[in-house]
Every structure is written in structure tokens, then in C-alpha cells.
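What follows is a short report on a single structure.
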Amino acid sequence: MRFLLTSYGTSGDVNPIASVGAALARRGHVVEFATLRPYRALIERLGMSFREIDAGWAPADLAHTPKLVTTKGGSIKMLRRVLIPAIPSTARALEEAVAEGRPDAMFGHHVSFAGAWVAKRHRIPWATAALAPTSWPSIEQFNIYPGMPDIDRAPRWTLRLGNAIGGRMTTRATEPYIQRFRARLGYGERPAGGTLLGEMLSSGPNLGLWSECFRPAAGDDPADSHVCGFTRLDGHESSPASEEALAFADESADGAPVLITLGTSVTHARPELLERAERACARVGVRAIVLDGATEPAERVGSGLLRLARAPHGALM
């Protein structure tokens with residue numbers, strides 16, 4: 001079978017979907033991945049063909065822009081200023097891919113809006129990947145947001161009201177920007193319920209790529225949804241730094257160190273959070289490996305702390 005996958009953003013947005021593509025390629029399927037140029041080497045190393053999305057920005061631009069990862073409107077700013085403007089270049093790349101070799105199915109990130117539109121236009125099955133539970137608003141498994149009261153004590157009606165207000169505010173803040181591109185590109189009328197929390201969750205199967213330890217499936221999840229667990233790219237990220245991290249983890253007979261990371265965007269924008277974590281580990285006498293996205297080569301601080309840019313999570317844990 002032929003598959004066309006797409007995602008863009010930092011590596012935390014691309015790697016989970018790339019690992020799905022790698023699994024398909026290992027099973028003998030033909031897989032093409034449309035994403036940003038910095039990920040080309042990874043995509044090809046995983047056995048897929050690469051197609052570039054020229055979005056006009058690089059992953060590093062996102063990771064070093066603090067205003068895009070604040071708790072006060074950061075996600076809306078990211079959508080409106082970075083991800084939604086990538087719709088035309090994403091649509092162009094996917095349309096070209098379909099024209100050159102029609103895929104049997106398409107699969108992409110929850111915010112790869114053009115992917116669902118291209119699939120619908122050409123009547124190709126589409127599945128959406130959600131990388132965090134916040135993509136699936138639920139009352140049974142309620143998401144906790146900054147400034148919220150204790151949800152265990154809050155009346156049920158307040159949770160429903162909060163979800164409704166939050167969904168409506170998100171739609172109002174993003175939909176005009178999305179529709180501007182939809183109309184320009186000729187992908188039909190505005191869908192009922194909006195795009196982000198409506199169309200993208202009803203265009204086909206919804207795969208939640210997180211562990212049930214984070215958030216199990218709920219009865220009010222989107223239709224045809226499945227919590228699949230984390231996907232992994234272990235075995236494709238070997239480097240002297242990751243080998244040093246593995247050696248550091250094995251040095252103590254007193255137990256494993258703590259592994260600290262803030263992901264692939266907040267790490268750069270909020271370094272003070274890592275500093276607080278380091279001080280806390282030192283205070284309680286726990287060794288720590290800190291993945292800060294920047295320290296290359298790896299740096300040891302005494303016998304209890306190792307800082308490095310990145311390391312394979314699965315191998316370490």
C-alpha cells in the first residue's frame with residue numbers, strides 16, 4: 001500500500017508521526033512524508049521518501065520564541081502566527097504528492113489542516129493523530145488548564161460549561177484565520193463546529209499517541225478514536241552524547257537518576273524551569289540527566305548532574 005503522512009513544527013510534532021511511517025515502511029509499504037526541510041535526513045533514514053513543505057520558518061524559530069509557549073494565549077498565537085499560515089504550502093506539497101502517485105491512505109497531525117482537505121477532495125481515507133489529550137476535550141477525562149479550580153471538587157455542570165466556553169473561544173480565535181486560507185484555496189465552506197475541534201476530529205479515525213497512564217480513553221472522545229500509546233524512534237538517534245547519557249545512568253549503584261526534559265519547544269523558552277529542577281534534585285540528593293536542547297557536547301556538573309541537548313528517551317528509561 002501507499003501512504004502519505006504529514007506533520008510540521010518542532011521534533012515533538014514530527015517524530016511521533018515519523019515513527020508510525022517508519023513502522024509502515026518496515027512492513028513493506030511505500031511511505032512518503034511531507035514536512036519541513038530540517039527533517040529530511042531523519043525521514044530518509046527511516047525508509048520513507050521526503051517531500052518538502054516550505055512554510056517559511058524553521059523548527060528553531062519556534063523553539064526560541066518565548067511568546068509562543070506562554071500559558072497566557074501561547075497556543076493560540078502559535079496557531080494563528082505559525083501553524084495556520086503554513087496551510088498553503090502544506091496543501092501545495094500534498095496536492096503534488098497525490099498527483100504524482102495517489103496514496104491509499106493519508107495520516108497527519110491534528111493541526112495539519114490541509115491534509116484532511118486534500119484527502120477529502122480526492123476521496124482518500126484520512127486519519128488524524130493527536131499528540132496530547134488536550135486535543136480531545138472531555139468531561140469524563142477533563143483536561144486541566146492554568147487558573148482552573150480543583151476539578152475533583154467542582155460541580156459537573158461547571159466542567160461542561162468550562163469545556164463549552166473554552167471550545168467556543170478557541171474556535172472564535174482560530175476559525176477566521178483558517179477560513180481565510182480555505183476560501184482562497186477552494187476547499188469548500190466552513191464546517192459545522194469549526195475546523196480544529198470539529199472537522200479535524202470527524203474526518204476519519206482519531207489516534208491518540210500518548211500513554212493511558214497520561215489519560216485513558218473516555219466515553220465522550222471523538223468517534224472512532226483509539227489511545228494507542230507513545231510511539232518511539234529508538235535506535236535512530238545514536239550519538240556520543242546519548243552514549244554518555246547511558247553511561248552516566250549506569251554509574252551509580254544507588255538507583256537510576258532522574259530524567260528531566262520540557263519537550264522540544266518550552267525547553268528553549270523557559271530555561272529557568274530546568275534550573276529549578278536541577279536545584280531541587282541537588283537539594284534532595286538525586287542525580288539528574290537534564291535534556292535542555294542546547295548543551296553540545298554534554299556537560300557534567302560534579303558527580304550528580306549531566307546536561308546535554310537530547311538523548312533517546314526509551315533507551316534511557
Please report the closest heavy-atom contact between [X] and [Y], naming both atoms and the distance.
X    : Y    : result
N206 : A223 : ND2-O, 3.2 Å
L94  : A34  : CD2-CB, 3.8 Å
R51  : A97  : NE-CB, 3.3 Å
A288 : P257 : N-CB, 4.1 Å
V14  : G9   : CG2-N, 4.3 Å
Q179 : P191 : NE2-CD, 3.9 Å

Are [Y] and [X] connected into the same hydrophobic cluster when the rule is that any two of I, L, V, M, F, W, Y join if their side-chain heavy atoms are below 4.5 Å apart?
X    : Y    : answer
V30  : M48  : no
L305 : L273 : yes
F214 : L207 : no
V227 : I17  : no
L4   : M1   : yes

For T295, all residues meeting side chain to side chain donor-acceptor pair (under 3.5 Å), sequence neighbours excluded
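Residues passing side chain to side chain donor-acceptor pair (under 3.5 Å) with T295: D292.
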
ring-ring contact (aromatic ring centres under 6.0 Å, His included) partners for [X], two or more places apart:
X    : value
Y177 : none
Y39  : none
F50  : none

Looking only at atom types and distance, does a side-chain atom of [X] sit under 3.5 Å from a main-chain N or O of [Y], one as donor and one as acceptor?
X    : Y    : value
R102 : H122 : yes
H109 : A129 : no
T35  : S7   : yes
D250 : A247 : no

Look at the aromatic rings of W136 and W210 and report parallel, tilted or perpendicular, splitting at 30° and 60°.
perpendicular

Just jot down the salt bridge (charged side-chain N to carboxylate O under 4.0 Å, His left out) partners of [X], sequence neighbours excluded, or say none.
X    : value
E299 : R307
E140 : none
R40  : E44
R37  : E52

Just grab all the salt bridge (charged side-chain N to carboxylate O under 4.0 Å, His left out) pairs involving residues 104-128, residues at least two apart or on different chains.
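Counting only pairs at least two positions apart or across chains, the salt bridge (charged side-chain N to carboxylate O under 4.0 Å, His left out) contacts touching residues 104-128 are E95-R121.
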
Can you pull the salt bridge (charged side-chain N to carboxylate O under 4.0 Å, His left out) pairs that have at least one residue in residues 209-228, sequence neighbours excluded?
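Qualifying pairs: R215-D221.
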
Taking atom [atom1] of [X] and atom [atom2] of [Y], what is their separation to the nearest 0.5 Å?
X    : Y    : atom1 : atom2 : result
I260 : L291 : CD1   : CG    : 9.0 Å
M106 : T6   : CE    : OG1   : 7.5 Å
L42  : S11  : CG    : OG    : 9.0 Å
M169 : I76  : CE    : CD1   : 8.5 Å
S135 : L201 : OG    : CG    : 7.5 Å
T90  : I53  : OG1   : CD1   : 4.0 Å

The complete set of side-chain hydrogen bond (donor to acceptor under 3.5 Å, both in side chains) pairs with one or both residues in residues 164-173, sequence neighbours excluded, reads none

Stepwise side-chain contact (heavy atoms from CB on, under 4.5 Å) test for W117 and I87
CA-CA 10 Å; W117 302 347; I87 286 175; 3.7 Å; yes

Residues forming a side-chain contact (heavy atoms from CB on, under 4.5 Å) with S203, sequence neighbours excluded:
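Only A116, W126, E199 meet the side-chain contact (heavy atoms from CB on, under 4.5 Å) criterion with S203.
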
Cation-pi check for F248 against R300: NZ or CZ below 6.0 Å from the six-membered ring centre and within 45 degrees of the axis, yes or no?
no

Working for side-chain contact (heavy atoms from CB on, under 4.5 Å), residues R232 and S19:
CA-CA 6 Å; R232 301 186 186 279; S19 65; 5.9 Å; no

